[in-house]
2 protein chains.
Amino acid sequence: MSEQSVMDEATYLQQYDPKQFDSPLVTVDAALFTYHDGVLKVLLVERASHPELGKWGLPGGFIDVHRVADLTQAINGVIEDKTGITAPYLEQLASYGNNQRDKRGWSVTVSYTALMAYQACEVRIATVADAQWVDVEQLPEMTLAFDHMTIIEAGRERLKQKALYSIVPAYALAEEFTFPELQHLHELLIGKPLQKRSFRRRIEQANLLEDTGKFRKDAGRPAILYRLAADAEQYRFVRNLED
Amino acid sequence: MSEQSVMDEATYLQQYDPKQFDSPLVTVDAALFTYHDGVLKVLLVERASHPELGKWGLPGGFIDVHRVADLTQAINGVIEDKTGITAPYLEQLASYGNNQRDKRGWSVTVSYTALMAYQACEVRIATVADAQWVDVEQLPEMTLAFDHMTIIEAGRERLKQKALYSIVPAYALAEEFTFPELQHLHELLIGKPLQKRSFRRRIEQANLLEDTGKFRKDAGRPAILYRLAADAEQYRFVRNLED
DNA sequence: AGAATAGTGTCTCTGAGACATTATGCC
DNA sequence: GGCATAATGTCTCAGAGACACTATTCT
């Protein structure tokens, strides 16, 4: 004790053995959402190894301290591995840590919420046999690995809040999208219909979208195609939509 | 590989050695704020051991996997150890992890923001020689351990947002407090003066405070003492105050 | 023309901002 | 009374909610 207190830092670091104390396992996990065919989907992966082998869970994994320099690299690696692209929206969600969630022992996961366009990774997902988009409405019938259901719920709750005061959900759409599409996605997240007048007004006044000059034609009047303006991700409305 | 794939989970868990792979170090840290004498203060602790010995930093430490069951227990233990009480407001802030922030190697810290009344822990802090409230205005002149300055800034930014749409900052006050006190704290966090009419109106309409029937007398007209209503912590205003 | 969907006009109403005015204590 | 601070009265104005109305495509 008194010997340690006179030791200089260089000596201390040289003698330091990170394995002298038991340390939690550390993973990163991504709740990656997209919007397609009118429904919100989350990417799930079938576990190929113990524990919870065969169950579906979030893309994620241990931090390989020799291959990644920080948490962001770790989570981006996981997402790119499964989808082939970097998620255009990525935000740290929360960390979950206790001695129960993983049978191997005390473990901590740093979880992230991410959004990407369905089209951007459609081909890749189709070729990766163990990864699949799942309609969030089907989740209640599933048993996911670890506490991944809790993480997905937290991610959805966070996205709901974002839908109330930002345009962040737009990152789950294709690069070019229509107002009705965006509104429907927000309605899904918030869980109730929105006034289209209010929805348009606030987004237009904040200049969050650029008109592409193109239209999407379906049944009815064609809808103007927009893309996100630069810095739209940062914008926060002063007034929230009704919850 | 094929041998592992036919192994059952029990066997796998029995053979599993958590130390077979290098794992990050895991700590928890608390950015604990209070309000006293008209200034916002954060609790700092002088490091008694390497690395960064002698520097001041946030209360925190390694997760002792044999003594705590989850992250919340770990952070509460740290806070109680330094202050003698449980923080009435505690919220996970963010996790920071990379191979640079701690010289001992790849490390992750799960950080929290906490609030408590100055009076509630005044005595205890006075007896703990290595812990001290520091005016946040003095921080720019200090060099803190690890990335603790970044964590404090993130905690302050979070509190600023909370001040714009909630009454959460009130947890940094004594149990009984006045409207002008609360408003001043919000003004400190937001960084600009607020309209007292607006400030009162929204809080009164949301029924977030209970009148204690008591008054605080100083110079001028005595101010009514209030306490937080139950569930006040949960409340979010639909309209934010101006930033 | 009629169906379907996109987009606009416009009124109401809540609540934040601004700031003047009144209230209540102390000396 | 005069000073200091707390609390209220009241006007303006931005912007969300509601909903009727118009516009554009297709069959």
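Chain letters run A, B, ... following the sequence lines, proteins first, then strands; residues in each count from 1.
Protein chain B touches strand DNA chain D; the 5'-most and 3'-most nucleotides with an atom under 4.0 angstrom of its non-hydrogen atoms are D:dA4 to D:dT10.
Between the P atom of C:dA6 and the CG atom of A:Asp211 lies a distance of 16 Å, rounded to the nearest Å. Put simply, CG on A:Asn240 is 18 Å from P on C:dT14, counting in whole angstrom units. A straight line from CZ of A:Phe199 to C1' of C:dA6 spans 14 Å, rounded to a whole angstrom. Nucleotide C:dA6 holds its C1' atom 7 Å from the CZ atom of A:Arg200, rounded to whole Å.
Atom CD of A:Glu175 is surrounded by 12 or fewer heavy atoms from other residues, nucleotides or ligands within 6.0 Å.
Across residues 180-188 of chain B, B:Pro180 each have a non-hydrogen atom less than 4.0 Å from an atom of DNA chain D (numbered order). Residues from residues 162-177 of chain B that place a heavy atom under 4.0 Å from any atom of DNA chain D: there are none.
The two residues B:Leu208 and B:Ala232 have their closest heavy-atom pair at O-CB, 3.8 Å.
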Requested in this report: Could you please spell out the steps behind the side chain to side chain contact (heavy atoms under 4.5 Å, CB included) verdict for B:Leu43 and B:Ile125?
Outcome: CA-CA 9 Å; B:Leu43 190 70; B:Ile125 301 280; 3.5 Å; yes
Report summary line: Counting primed atoms, P, OP1 and OP2 as sugar-phosphate and everything else as base, the B/S/- map of nucleotides 18-27 of chain C against protein heavy atoms under 4.0 Å is BB---BBB--
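The main-chain N or O of A:Gly57 is never found under 3.5 Å from a side-chain atom of A:His148 such that the two would form a donor-acceptor pair.
Test B:Phe199, B:Phe177, B:Phe179 against B:His186 for ring-ring contact (aromatic ring centres under 6.0 Å, His included) and you get one pass: B:Phe199.
Fit an axis to the five pairs at each end of the helix from C:dA1-D:dT27 to C:dC27-D:dG1 and the two axes sit 10° apart, to the nearest 10 degrees.
Legend: side chain to side chain donor-acceptor pair (under 3.5 Å) pairs involving residues 210-220 of chain B, not counting sequence neighbours, sorted by first then second residue: B:Glu176-B:Lys214, B:Glu181-B:Arg216, B:Glu210-B:Arg227. Note on residues 124-140 of chain B: pairs passing salt bridge (charged side-chain N to carboxylate O under 4.0 Å, His left out), not counting sequence neighbours, are B:Lys82-B:Asp130. A side chain to side chain donor-acceptor pair (under 3.5 Å) check over residues 152-169 of chain A, counting only residues at least two apart or in different chains, returns the pairs A:Glu91-A:Arg158, A:Glu91-A:Lys162, A:Glu157-A:Gln161, A:Lys160-A:Asp243. Within the structure, the salt bridge (charged side-chain N to carboxylate O under 4.0 Å, His left out) test picks out no pair touching residues 71-81 of chain A (sequence neighbours left out). Within the structure, no pair that satisfies the side chain to side chain donor-acceptor pair (under 3.5 Å) test touches residues 113-123 of chain B, not counting sequence neighbours.
Proximity of B:Arg202 to the phosphate of C:dA16: a side-chain N or O atom is located under 4.0 Å from OP1 or OP2.
Listed by chain and number, the residues in a ring pair (Phe, Tyr, Trp, His ring centres under 6.0 Å) with A:Tyr96 amount to none (sequence neighbours excluded). Residues passing the salt bridge (charged side-chain N to carboxylate O under 4.0 Å, His left out) test with A:Asp70: none are found, sequence neighbours excluded.
For the atom pair B:Leu194 CG and B:Lys196 NZ, the distance stands at 12.5 Å (nearest 0.5 Å). In this structure, CG on B:Leu209 lies 10.5 Å from OG1 on B:Thr178, to the nearest 0.5 angstrom. Taken to the nearest 0.5 Å, the CG atom of A:Leu115 stands 9.5 Å off from the CG atom of A:Leu90.
In this structure, B:Phe33 has its ring center no closer than 6.0 Å to that of B:Tyr35.
Place B:Tyr226 and A:Leu194 on DNA chain D by their nearest nucleotides, and B:Tyr226 ends up nearer the 5' end.
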